[in-house]
Amino acid sequence: MTNGERLEIVQTDERLQEIGPAWEALWDHTGAVVFQSHAWIAAWWGALPDRERRNLFIVLAWRGDTLEAVLPLAICRQHGVRVLEWAAKDYSDYCDALLQPTADPSLLERMWDYSHAHGGFDAVYLGHLLPTAAVRTLANDKSGYRRALRPHYRQATSLRVVGPWASSQTWFDAQSGNARRNYRRSLKSLSEGAKVEFRLLSPEEPLGPAVRRCADLKRAWCERNGLVAPLFDEGSPMLETLAQVLADKGLLRVFVLERDGVIVAMTINLMQHDTMMAYVTTYDAAFDRSSPGYILLFDYIRWSIDHGATTIDFLCGDEDYKYRFANQQVTLASFVAGRTLLGEAALRSDRAWHTLQTYRGRMQSGLSRAKRFLDKRPASQAAADR
């Protein structure tokens, strides 16, 4: 490559470990979120339960011995189609390339071309992209060239509480009177006949019991709602492994709400720069009427403000409870590309299926509105229609 530039694709466990120091140095220098760190990707790869379906495909750009950029990718086989996607995408809320701020702006394009020339995949799906994501530049090619990324219909939502505030009490007082009353009422209900305590787990406390409690509560919630979430599978080490990465980097903040010493709500968070990010939040459904999750949210937001946070980021997901607190909404985009005819066919099929589902949804909505209108007609009008 020109000017001492060298591109590489990492596909083995051994090489993934070897590049750790250089990758972590780049991550430290850029100030990127932890989801782009070597420690996070390596931990995911080590705890992955279905590695037989996947291959590492991490694109690196070196200048001499200095790592300038990383595209942390992996190939996953889905229904016979080899899909190039973000490494650890199912466990990372924000995904992107990692790029030295002083790097050549066209470096990502050369890395992308290099990945296509290397081959081994049919289609590309890159999601969870913030508006500021560096990899969005790969969608700027207007020539129709096959390897250029194009927008996909799937989007995600990130909801946030954005300050700054003079104090946590200022934030609390700015909430609606109804919200403050509900908080106090819930706390009073939960405290009946028991001692209720909100606290931050100390670094000296063993992480395992709290993480296992979180997984148990979250798995029960998924079962009640007919959802599947591999992060909380019984016996899976993934959640504890990723939480340990956060702890090792000094980012982990585990908040618990305890009733007589038993956790009834908890959140596994990370605090990076001046932002508190809520990675997993859950509660014990046995105390649903007292809304322990609602109490916990109020308490950890106030704690975060008191400890320098100017943003509380709920990360991906548009659950109703987040809208009660959030004052900012960010849309995360996704992009796709086809590399082979099979990949293009799979993307076209996916688009057709989505269009059909959207049409069916609109038809069903229209029929429901018509039924509600007919049900509300006066009896005399209904008789006249007959």
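Excluded from the calculations below are hydrogen atoms, water molecules and symmetry mates; all remaining heavy atoms, backbone and side chain alike, are included.
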Kindly check if the number of other-residue, nucleotide or ligand heavy atoms within 6.0 Å of CD (Glu52) is above 12?
-> yes
Pairing residues for Asp216 by the salt bridge (charged side-chain N to carboxylate O under 4.0 Å, His left out) criterion, not counting sequence neighbours = Arg219
Kindly indicate, with the supporting measurements, whether the criterion ring-ring contact (aromatic ring centres under 6.0 Å, His included) is fulfilled by Phe298 and Trp171.
-> CA-CA 10 Å; Phe298 260 99; Trp171 173 82; 5.5 Å; yes
Residues Asp13 and Arg51 bridged, charged N to O under 4.0 Å | yes
Got a donor-acceptor contact below 3.5 angstrom from the Ser291 side chain to the Gly293 backbone?
-> no
For Val228, the hydrophobic cluster (side chain heavy atoms closer than 4.5 Å, chained through members) also holds none
Any chance the rings of Phe35 and Trp44 have centres within less than 6.0 Å?
-> no
Determine, for Arg82 against Asp122, whether the closest basic-nitrogen to carboxylate-oxygen distance falls under 4.0 angstrom.
-> yes
Glu109: what forms a salt bridge (charged side-chain N to carboxylate O under 4.0 Å, His left out) with it, not counting sequence neighbours?
-> none
Ring pair (Phe, Tyr, Trp, His ring centres under 6.0 Å) pairs touching residues 261-281, sequence neighbours excluded, are Trp40-Tyr279
In the single-linkage hydrophobic clustering (I, L, V, M, F, W, Y; side-chain heavy atoms under 4.5 Å), do Leu16 and Leu71 co-cluster?
-> no
Contacts satisfying ring pair (Phe, Tyr, Trp, His ring centres under 6.0 Å) that involve residues 61-88 (not counting sequence neighbours) are none
Is Arg302 close enough and on-axis enough to Phe172, meaning under 6.0 Å and within 45°, for cation-pi?
-> yes
Counting only N and O atoms by type, is there a donor-acceptor contact under 3.5 Å from the side chain of Arg154 to the main-chain atoms of Gly127?
-> no
Okay, side chain of Ser236, backbone of Asp233: is any donor-acceptor separation there less than 3.5 Å?
-> no
Note: Arg150-Glu344 ion pair, threshold 4.0 Å (strictly below) = yes
Compute the centroid of each ring, for Tyr183 and then for Tyr294, and state whether the two points are separated by less than 6.0 Å.
-> no
Evaluate the side-chain proximity of Met266 to Thr282: yes if any heavy-atom separation is below 4.5 Å, no if none is.
-> yes
Please list all pairs passing the ring pair (Phe, Tyr, Trp, His ring centres under 6.0 Å) test where one or both residues lie in residues 197-252, with sequence neighbours left out.
-> Phe198-Phe255
Flag yes if more than 12 heavy atoms outside Arg289 fall under 6.0 Å of its CZ atom; otherwise flag no.
-> no
Validation row: Val330, Pro131 side chains within 4.5 angstrom (heavy atoms) = yes
Pairwise distance CZ(Arg259) to CD1(Ile295) - rounded to 0.5 angstrom = 10.5 Å
Should Ile268 and Leu296 be regarded as members of a common hydrophobic cluster, given that ILVMFWY residues are connected when their side-chain heavy atoms come within less than 4.5 Å of each other, either directly or indirectly?
-> no
Nearest 0.5 Å please: distance from the SG atom of Cys214 over to the CG atom of Leu207.
-> 10.0 Å
Side chain of Arg253, backbone of Met276: donor and acceptor closer than 3.5 Å?
-> no
Going by atom types only, do Thr170 and Ser167 share a side-chain donor-acceptor pair under 3.5 Å?
-> yes
Would you say the side-chain atoms of Asp96 and His128 include a donor-acceptor pair closer than 3.5 Å?
-> no
Can you find a heavy atom in the side chain of Asp299 that is under 4.5 Å from one in the side chain of Leu257?
-> yes
Listed partners of Tyr321 passing side-chain hydrogen bond (donor to acceptor under 3.5 Å, both in side chains), at least two apart | none
Should the pair Arg53-Asp50 be classified as a salt bridge under the 4.0 Å nitrogen-to-oxygen rule?
-> yes
State whether Asp104 and Arg110 are salt-bridged, where the test is any N-O pair (Lys NZ or Arg NE/NH1/NH2 against Asp/Glu carboxylate O) under 4.0 Å.
-> yes
With sequence neighbours excluded, what pairs up with Glu197 under the salt bridge (charged side-chain N to carboxylate O under 4.0 Å, His left out) test?
-> none
Run the salt-bridge test on Glu85 and Arg54 with the 4.0 Å N-O cut-off and return the result as yes or no.
-> yes
What residues form a salt bridge (charged side-chain N to carboxylate O under 4.0 Å, His left out) with Arg199, not counting sequence neighbours?
-> Glu205, Glu258
Within residues 311-320 or reaching into it, pairs that qualify as salt bridge (Lys or Arg N to Asp or Glu O under 4.0 Å) - sequence neighbours excluded = Arg160-Asp313, Glu319-Lys322
Spell out, as yes or no, whether a donor-acceptor pair under 3.5 Å connects the side chain of Asn225 to the backbone of Leu227.
-> no
Contacts of type side-chain hydrogen bond (donor to acceptor under 3.5 Å, both in side chains), residue Lys249, not counting sequence neighbours = Glu24
Test item: His307 side-chain N/O and Trp303 main-chain N/O as donor-acceptor pair under 3.5 Å | yes
Do the side chain of Ser186 and the main chain of Asn182 share a donor and acceptor less than 3.5 angstrom apart?
-> yes
Can you list, pair by pair, the side-chain donor-acceptor contacts under 3.5 Å of residues 240-248, counting residues two or more places apart and other chains?
from, atom 1, to, atom 2, distance (Å)
Thr241, OG1, Pro237, O, 2.7
Gln244, NE2, Asp248, OD1, 2.9

Heavy atoms, side chains only, cut-off 4.5 Å: are Leu231 and Val280 in contact?
-> yes
Stepwise, does the side-chain contact (heavy atoms from CB on, under 4.5 Å) test hold for Leu130 with Leu332?
-> CA-CA 5 Å; Leu130 286 163; Leu332 310 182; 3.3 Å; yes
With a 4.5 Å limit on heavy-atom distance, are the side chains of Val264 and Leu217 in contact?
-> no
Before accepting this row, confirm whether a basic side-chain N of the pair Glu8/Arg15 lies closer than 4.0 Å to the acidic partner's carboxylate O.
-> yes
Taking side chain as C-beta onward, heavy atoms only, is Val124 less than 4.5 Å from Leu149?
-> yes
